[in-house]
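Chain A is the first sequence line, chain B the second, and so forth, proteins listed ahead of strands; every chain is numbered from 1.
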Protein chains: 4
Amino acid sequence: MSRTGPKRSESIRLAVLNAADDLLVERGFDGVTIEGIAARAGVAKQTLYRWWKSKVDILLDTLAGDARDGLAWQLGSASAEEELQRQLRRINAFFHEPAGHVLRALLGHAQTNPATARALREGFLREQRERDRAGLRAVLARHTACQTARQTGRHLDDHVVDGLLDLLLGPLYYRTLVGDRAAEPAILDATAHLVLDTAARITRSDQEPSG
Amino acid sequence: MSRTGPKRSESIRLAVLNAADDLLVERGFDGVTIEGIAARAGVAKQTLYRWWKSKVDILLDTLAGDARDGLAWQLGSASAEEELQRQLRRINAFFHEPAGHVLRALLGHAQTNPATARALREGFLREQRERDRAGLRAVLARHTACQTARQTGRHLDDHVVDGLLDLLLGPLYYRTLVGDRAAEPAILDATAHLVLDTAARITRSDQEPSG
Amino acid sequence: MSRTGPKRSESIRLAVLNAADDLLVERGFDGVTIEGIAARAGVAKQTLYRWWKSKVDILLDTLAGDARDGLAWQLGSASAEEELQRQLRRINAFFHEPAGHVLRALLGHAQTNPATARALREGFLREQRERDRAGLRAVLARHTACQTARQTGRHLDDHVVDGLLDLLLGPLYYRTLVGDRAAEPAILDATAHLVLDTAARITRSDQEPSG
Amino acid sequence: MSRTGPKRSESIRLAVLNAADDLLVERGFDGVTIEGIAARAGVAKQTLYRWWKSKVDILLDTLAGDARDGLAWQLGSASAEEELQRQLRRINAFFHEPAGHVLRALLGHAQTNPATARALREGFLREQRERDRAGLRAVLARHTACQTARQTGRHLDDHVVDGLLDLLLGPLYYRTLVGDRAAEPAILDATAHLVLDTAARITRSDQEPSG
DNA sequence: GGGTAACCGAGACGGTACGTCATGTCTTCGC
DNA sequence: GCGAAGACATGACGTACCGTCTCGGTTACCC
């Protein structure tokens, strides 16, 4: 680590985030300690306290970069159903990467720690939901475009899209966070199908009165 | 609290479970400590270590009684869809009771702690899933009975019922554990409807080849 | 180090006092740290905080035993002047023992730390002054007895004896605490002589009015 | 505080010495920290390290000016005994001034810190002893001049004068550094008298063989 | 009069020690 | 003979200073 000056050292920041990530994967959330991170990153404790409020804050920082990518919607030219299936499988895979473990850990800690809950919501979940809304809307737009030659997807307001996202992501998260085994492709595919079905029904009922 | 005796004191057990529960609600999971429980229950630390392996074990003990009741299927004479809706609302309400907080806390801790994950699975989730399977099967049996005058529900094997349970409970748990607001009735009702729909489709496709 | 119990371990107490003493001699007052004592004594920090308020309190505890002996008046059958000389040399020697270093350290710290000053005064200096008063009185009693066949020493009140003690001990302490070399026998002997002289003059002037 | 420049800023030096002095009086030796001095003087830590080796070095710097004055011998036309008494009272008063606190603090720290001991000796005590020797010699010269019309004082070699200084200053320093109350005028006056007495005796015995 | 060099405020950094808290084990003693 | 009380080693907490360093920005001198 370069010796630095009165400006924050980026190399130290990365060393810390890596150390925290490693410890989390190796030893679990309780095994992540400020002292442990400091020792593994070859950094003074005070340096951690200077830049982060807590170990939760450090883990949140690792999410910012990694999870954004890991949970991104990478839309291709496949059918809507296939796109949703792919996205669900991508999320499922994400949970087995280090960054996925970090998210699980923070979601876990947030269950009983209001401060963590708030930080996670405002530092990650809020924006992630925005990206998910955009992703789902894009898929639905294409889907309904095929069916009715009109982009009705954009007519769906946030509330409706949020409901669909809950239906879409719920079973996967449930299996991941509560289930005793990882989610299986079959359930993911079924979910994707159901959501499209439901979306179609909603869209149709939206249009009938105006048709 | 009875003072001593050569037999395990039941009053001490209850005092400990209550103390743990209270501390969890008041101070969150991290605020629950062996020393804190002992102090609040007016009990020696050693007494806790004698009967429970850890604070997780104590919390699991509180679940055993409370959650079984709070998550029980109380089937009445309503329609299948309404029964599912009621059950989902019951679960939703449960998460706002103390016992619900305990479950959330343990689910949270289990995310990064294999020992807790295992204990929770074997000490609670496994049996709860059994009860849920039985409940859903009962609802479906009645439902399909109405439709086709035949009890096909019992033909659904565990794997299929598990899939339906994931679809049924997923959105609710997702909203509870991950969402920033509690689940709304609308999403619960929609879920119930979808599951019945899906179950019907499965049942039908099961019967067609055989019809 | 016996392995604990609900009663204070005497062996731990001794190990701590020895460790503190050793560290003081080896590394000086600043080199004595709670962590250092704990490490050297093979004891937990918490155990130190349980029984002592600070490192000053620990050092004070070592004085209680050692300094009492090292500064004791051991009167024999020699002349008064010789007795005083011997006592001064004993004190001088004491300052080169470990316990003497502890006293110097505490006197040093007391110069700018009111809490230490108070603790040292009430925990050691007060009683030591009592012992010194008794010792000097005993010597004077014998001295004047030889000269005038009357025990006038006991007539000297505390205030006068304190003044004589300041004269007796002042030069020695001054050489020890301020001087750049240790006190030499010559100055000690001269002091002893002067004090006896002064005491005699006081005694005489006391008696004249009454004679 | 002049803003910058390639020349050492005298205003900074004074601000630092004042800050150190103030902190010592307000918070004791342990309360004097490099960071505290820097903050109070509105100066960067590096500036302190540039010009002084340690906080002890800073405090020594404050002594250089203040203590030289506070402990100076201001001889007038009074009798020898009165001159000594005045000097002792002057010293006694000095210990209650800020500079006196600094000297006490450094003497205190020197008890267990060889580096401080050495610095204090070479940076202050050595020269002060010179001044004290000169002062005492001057008083004695006048004294013996009155008595015998001959300036025998200058014949006293350093060793003898040092002994007399120890007798003169010892009780005062002892009361100040060790005693629980400040030295009283009576003991100071008695000391002054004794020292003159002793000096006279020495002078006489010096002359007899040669007479 | 433009470059250079030292001074200076600011503060990041790796450390050490602080005093506190909870852990899990062990021992004593009262009921 | 159970259980309260609590001593103990362990280890992490978050804070305060240490002494070293690097950064910009400012003068004062010298070429």
Side-chain angles (χ1 to χ4, degrees), chain A residues 1-9 11-13 30-39 41-51 53-55, chain B residues 1-9 12 30-39 41-51 53-55, chain C residues 1-9 11-12 30-39 41-51 53-55, chain D residues 1-9 11-12 30-39 41-51 53-55:
Chain A
M1 303 312 122
S2 63
R3 252 271 147 184
T4 75
K7 280 297 169 53
R8 177 169 186 181
S9 161
S11 62
I12 282 176
R13 183 174 162 273
D30 293 346
V32 179
T33 65
I34 295 283
E35 300 220 321
I37 296 171
V43 144
K45 273 200 301 178
Q46 188 55 46
T47 299
L48 300 189
Y49 285 110
R50 193 172 1 252
W51 302 113
K53 276 174 299 189
S54 62
K55 73 176 183 179
Chain B
M1 308 312 120
S2 69
R3 263 275 143 179
T4 60
K7 275 294 175 54
R8 177 171 185 182
S9 161
I12 283 177
D30 293 346
V32 180
T33 65
I34 295 283
E35 303 222 321
I37 296 171
V43 146
K45 275 198 309 179
Q46 188 53 40
T47 301
L48 300 189
Y49 284 110
R50 201 187 326 271
W51 301 113
K53 277 176 296 189
S54 63
K55 73 175 184 179
Chain C
M1 310 310 118
S2 67
R3 253 275 146 179
T4 72
K7 278 297 168 56
R8 177 169 186 180
S9 161
S11 62
I12 282 176
D30 293 346
V32 179
T33 66
I34 294 284
E35 301 219 321
I37 296 171
V43 144
K45 271 200 302 179
Q46 188 56 48
T47 299
L48 300 190
Y49 286 109
R50 199 183 342 264
W51 302 114
K53 277 175 298 189
S54 63
K55 73 175 183 179
Chain D
M1 312 309 117
S2 70
R3 262 276 140 182
T4 58
K7 275 295 174 59
R8 175 171 187 181
S9 160
S11 62
I12 283 176
D30 293 346
V32 179
T33 66
I34 294 284
E35 302 220 320
I37 296 172
V43 144
K45 276 199 307 176
Q46 187 55 40
T47 300
L48 300 189
Y49 284 110
R50 196 180 344 259
W51 303 112
K53 277 176 296 189
S54 63
K55 73 175 184 178

Between C/Val32 and C/Lys55, which heavy-atom pair has the shortest distance, and what is it?
->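 Scanning both residues, the minimum pair turns out to be O-NZ, 2.9 Å.
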Please report the shortest heavy-atom distance between C/Ala44 and C/Ala38, naming the atom on each side.
->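 Nearest heavy atoms, C/Ala44 then C/Ala38: C-CB, 4.3 Å.
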From F/dA9, F/dA5, E/dG9, pick the nucleotide closest to the side chain of D/Val43?
->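 Closest of the options to the side chain of D/Val43: E/dG9.
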Spacing of CD1 belonging to C/Ile12 relative to CG belonging to C/Leu48, to within rounding of 0.5 Å |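 Rounded to the nearest 0.5 Å, the CD1-CG separation comes out at 9.5 Å.
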Taking the six-membered ring of A/Trp51, is the NZ or CZ of A/Arg8 close enough (under 6.0 Å from the centre) and on axis enough (within 45°)?
->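 Satisfied, under 6.0 Å and within 45°.
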Atom-pair distance ([atom1] on [X]; [atom2] on [N]), nearest Å:
| X | N | atom1 | atom2 | answer |
| --- | --- | --- | --- | --- |
| D/Lys7 | F/dA28 | NZ | P | 10 Å |
| B/Ile12 | F/dC2 | CD1 | C1' | 9 Å |
| A/Ile37 | E/dG14 | CD1 | C1' | 17 Å |
| C/Arg8 | E/dT28 | CZ | P | 17 Å |

List, with names and distances, any nitrogen or oxygen atoms from the protein found under 3.5 Å away from nitrogen or oxygen atoms belonging to nucleotides 1-6 of chain E.
none

Side-chain N,O (B/Thr47) to OP1/OP2 (F/dC2) below 4.0 Å =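 Negative; the distance criterion is not met.
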Under 3.5 Å, which N/O atoms of the protein pair with N/O atoms of nucleotides 11-15 of chain F?
unit_1, atom_1, unit_2, atom_2, d
F/dC13, OP1, A/Ile34, N, 2.8
F/dC13, OP2, A/Ile34, N, 3.2
F/dC13, OP2, A/Glu35, N, 2.8
F/dG14, OP2, A/Tyr49, OH, 2.5
F/dG14, O5', A/Tyr49, OH, 3.3
F/dG14, N7, A/Lys45, NZ, 3.0
F/dG14, O6, A/Lys45, NZ, 2.7

Residues that D/Thr33 engages under side chain to side chain contact (heavy atoms under 4.5 Å, CB included), provided they are two or more places apart =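 For D/Thr33 the side chain to side chain contact (heavy atoms under 4.5 Å, CB included) partners, ignoring immediate neighbours, are D/Glu35.
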